[in-house]
K.L.:
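The structure that follows is given in the form of structure tokens.
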Amino acid sequence: MRRVFVFIILAIVAAALLTLGIQYDTGYVKITYGHWLIESNLWVLVSLNLIALIGLGFVISTLKALIRGSNQSIRWFKIRPKRKANNDSQRGLLAFLEGDWQTAKSLLTQSAQHARMPLVNLLAAANAANQQGNHKESAQILKQAHELDGGSELAASLTQVRLHIENERYEAALAVLTRLRKQHPKHVYVLKLTVQVYRALEDWEHLVACFEGDLAQQLNLSADFERQAWAKLFATYATRLKTEQKNGVYVESLESSLAEVWQRVPSKYRFDEHVIHAYVRELMSVGLSAESEVILRKALEKSWSENLIDAYGRAKGKDATKQLLHAEKWLKSRPNSPRLLLALGRLSLRCELWGKAQEYFSSSLAQQPSLEASAELYRLSCHLNKPAQDTDKQLEHLMQQLHLPELPQPR
């Protein structure tokens, strides 16, 4: 608007000046060029030049407007598919979040070519196809994502792994994860998925290996989970050894391998009562009770545990007398421990000290009634040919520990 106002003012001024000039002198102009002769009034020539300049300016501005319009049209035709693709992508992602898998898959795959982030479209579409049970189609979409120029091969592979896990195709997931761990050895999420797959496959050997790497602290696994994994690994080796023993074959390598697994246990669990208890339980199950006695003794000297003292009473050391004397030293600082008294009674039985064993079992029951102590005392009394009155009383006490319901019995 301001430009128009200025143009009008300038036109008025030019007209006024032109009028004054004509009144002062009309002038005369003569132009010859070859056979051409042009004669004119000066001010008419000036006016014609001005009109020509204005016309030229109008033509130039018109051409610019046409060029600008054609560029805008070309840009509109270029932008339109992308704009439509982005709108379809948004609608597809919303459908995916709402669980409308068919709509999500259709919109996301159709708009992937022109979408701003085609990889996101394809990965979400693969998930949607998988949710529908179309595993083959899901694999084909993932293949497109892998082949996408400028896409993230890691993101596509991780999506493939998650879909394999969701469909319980753990071997296929492990194959992809093995390749990813070689390509991205420091990727924490890849390691977390690997732990998940090994746990599902019950491959405890490779699972605990994940705890031993540089990224182990970043996994943020619970202590209970790690304890369970070590216990399962102990049980795996013990089962192999028992199988060979059953077949009449003694395999020293398996026995040494069980000890090697214990050496692999991290220092924070070397004196953990749960891990120790799991290990010595397997040692005793394969006849390596003497080794378990040594481990239990060291652990109990470092930190007292009622569970471990119970296991110590069950362990058969190389020298039963020394084992009993060692346990009796602990009784000085823990005279009222029912589990220790029970363990001492069992160790006394190994030394064939029947009277001492009976005293320890009775003391354990006096501190805290327990089914095990009652059973041990009853069994010992029966073998000692105690009077029926005593054994009946102990049997009655044992039945009370079992908490059997009161039911009619024949008379």
K.L.:
Can you list the steps and then say if C210 with R181 is a side chain to side chain contact (heavy atoms under 4.5 Å, CB included)?
P.N.:
CA-CA 11 Å; C210 297; R181 289 189 69 186; 4.2 Å; yes
K.L.:
When you measure from the side chain of S364 to the backbone of Y360, do you find a donor-acceptor pair of N or O atoms at a distance under 3.5 Å?
P.N.:
no
K.L.:
Between Q160 and L163, is any pair of side-chain heavy atoms under 4.5 Å apart?
P.N.:
no
K.L.:
Could you check whether any side-chain heavy atom of L349 comes within less than 4.5 Å of a side-chain heavy atom of F361, counting everything from C-beta outward?
P.N.:
yes
K.L.:
Give a yes or no on this: more than 12 heavy atoms of other residues, nucleotides or ligands lie within 6.0 Å of atom CD of E168.
P.N.:
no
K.L.:
Taking only residues two or more places apart in sequence, or in another chain, which ones meet N220 in a side chain to side chain donor-acceptor pair (under 3.5 Å)?
P.N.:
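In terms of side chain to side chain donor-acceptor pair (under 3.5 Å), with neighbours along the sequence ignored, N220 is linked to no residue.
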K.L.:
Please identify each residue that fulfils salt bridge (charged side-chain N to carboxylate O under 4.0 Å, His left out) with R297, with sequence neighbours left out.
P.N.:
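Once residues adjacent in sequence are excluded, the partners of R297 under the salt bridge (charged side-chain N to carboxylate O under 4.0 Å, His left out) criterion are E293.
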K.L.:
In Å and rounded to the nearest 0.5 Å, what is the CG to OH distance from L180 to Y189?
P.N.:
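The OH atom of Y189 is 11.5 Å from CG of L180, to the nearest 0.5 Å.
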K.L.:
Any idea which heavy atoms bring L377 and S362 closest together, and the distance?
P.N.:
CD2-OG, 3.9 Å
K.L.:
Would a 4.5 Å heavy-atom cut-off, applied to side chains only, mark L207 and T194 as touching?
P.N.:
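No, too far: nothing below the 4.5 Å cut-off.
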K.L.:
Which residue pairs pass the ring pair (Phe, Tyr, Trp, His ring centres under 6.0 Å) test with at least one member in residues 264-289, sequence neighbours excluded?
P.N.:
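Those involving residues 264-289 are F234-Y279, W262-Y279.
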K.L.:
Quick one: side chain to side chain contact (heavy atoms under 4.5 Å, CB included) partners of S285, sequence neighbours excluded?
P.N.:
A238, K242, E282
K.L.:
Find the distance between CZ (R264) and CH2 (W230) and round it off to the nearest 0.5 Å.
P.N.:
5.0 Å
K.L.:
Side chain to side chain contact (heavy atoms under 4.5 Å, CB included) with L325: which residues, sequence neighbours excluded?
P.N.:
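Expected list: T321, E328.
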K.L.:
Any idea which heavy atoms bring D319 and K322 closest together, and the distance?
P.N.:
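Minimum heavy-atom contact is OD1-N, 3.2 Å.
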K.L.:
With a 3.5 Å cut-off and no angle check, do the side chains of S267 and R270 form a donor-acceptor pair?
P.N.:
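No.
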K.L.:
Is any side-chain heavy atom of E273 less than 4.5 Å from a side-chain heavy atom of E306?
P.N.:
no
K.L.:
Apply ring pair (Phe, Tyr, Trp, His ring centres under 6.0 Å) to H187 and list each qualifying residue two or more places apart in sequence or on a separate chain.
P.N.:
none
K.L.:
By side chain to side chain contact (heavy atoms under 4.5 Å, CB included), which residues pair with S289, not counting sequence neighbours?
P.N.:
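Checked S289 against side chain to side chain contact (heavy atoms under 4.5 Å, CB included); matches are M284, S292, A315, K316.
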K.L.:
Over all heavy atoms of both residues, which pair between A299 and L308 is shortest? Give the atoms and the distance, please.
P.N.:
CB-CD1, 4.0 Å
K.L.:
Please name the pair of heavy atoms, one in A327 and one in L344, separated by the smallest distance, quoted to 0.1 Å.
P.N.:
CB-CD2, 3.5 Å
K.L.:
Determine, for K318 against E291, whether the closest basic-nitrogen to carboxylate-oxygen distance falls under 4.0 angstrom.
P.N.:
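Judged by the 4.0 Å cut-off on N to carboxylate O distance, K318 and E291 do not form a salt bridge.
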K.L.:
Among residues two or more places apart or on two chains, list those pairs meeting salt bridge (Lys or Arg N to Asp or Glu O under 4.0 Å) that have a residue in residues 125-139.
P.N.:
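Every salt bridge (Lys or Arg N to Asp or Glu O under 4.0 Å) pair that includes a residue of residues 125-139, provided the two are not neighbours, is K105-E137.
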K.L.:
Looking only at side chains, do Y237 and E205 share a donor and an acceptor under 3.5 Å apart?
P.N.:
yes
K.L.:
If you apply the rule side chain to side chain contact (heavy atoms under 4.5 Å, CB included), what do you find for L353 with L347, and how did you get there?
P.N.:
CA-CA 9 Å; L353 301 174; L347 294 175; over 6 Å; no
K.L.:
Side-chain donor-acceptor pairs under 3.5 Å in residues 170-179, sequence neighbours left out?
P.N.:
from : atom 1 : to   : atom 2 : distance (Å)
T178 : OG1    : L174 : O      : 2.7
R179 : NH1    : E153 : OE2    : 2.7

K.L.:
I want to check something: taking the side chain as every heavy atom from C-beta on, are L296 and I309 in contact at a cut-off of under 4.5 Å?
P.N.:
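Contact flag for L296/I309 side chains = no.
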K.L.:
Check side chain to side chain contact (heavy atoms under 4.5 Å, CB included) between K192 and all other residues, then give those that pass, not counting sequence neighbours.
P.N.:
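Per chain and number, K192 pairs via side chain to side chain contact (heavy atoms under 4.5 Å, CB included) with V188, L219.
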K.L.:
Which distance, rounded to the nearest 0.5 Å, do you find between the CZ of R162 and the CD of Q196?
P.N.:
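Result: 10.5 Å between the selected atoms.
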K.L.:
Tell me, do Y198 and V195 make a side-chain contact under 4.5 Å, heavy atoms counted?
P.N.:
no
K.L.:
If you define the side chain from C-beta out and look only at heavy atoms, does anything of F225 sit under 4.5 Å from R199?
P.N.:
yes
K.L.:
Mind jotting down which residue pairs meet the salt bridge (Lys or Arg N to Asp or Glu O under 4.0 Å) criterion with at least one end in residues 337-346? Sequence neighbours excluded, please.
P.N.:
D310-R339, D310-R346, R339-E372, R346-E372, R346-E376
K.L.:
Atom CG in L283, atom CZ in R281: separation rounded to 0.5 Å?
P.N.:
10.5 Å
K.L.:
With rounding to the nearest 0.5 angstrom, report the OG to CD distance, S337 to Q368.
P.N.:
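Result: 9.0 Å between the selected atoms.
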K.L.:
Work out which heavy atom in S348 is nearest to a heavy atom in L324; give both atom names and the distance.
P.N.:
OG-CD1, 3.8 Å
K.L.:
Distance check, rounded to the nearest 0.5 Å: K298 atom NZ versus I276 atom CD1?
P.N.:
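Atom-to-atom, K298:NZ and I276:CD1 are 11.0 Å apart.
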K.L.:
Check A357 against G345 and note the closest heavy-atom contact, atom names and distance.
P.N.:
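Smallest interatomic distance, heavy atoms only, reads CB-O, 3.4 Å.
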K.L.:
Return each pair, listed once, that meets ring pair (Phe, Tyr, Trp, His ring centres under 6.0 Å) where at least one residue sits in residues 308-335; pairs must be two or more places apart or across chains.
P.N.:
W304-W330, Y312-W330, H326-W330
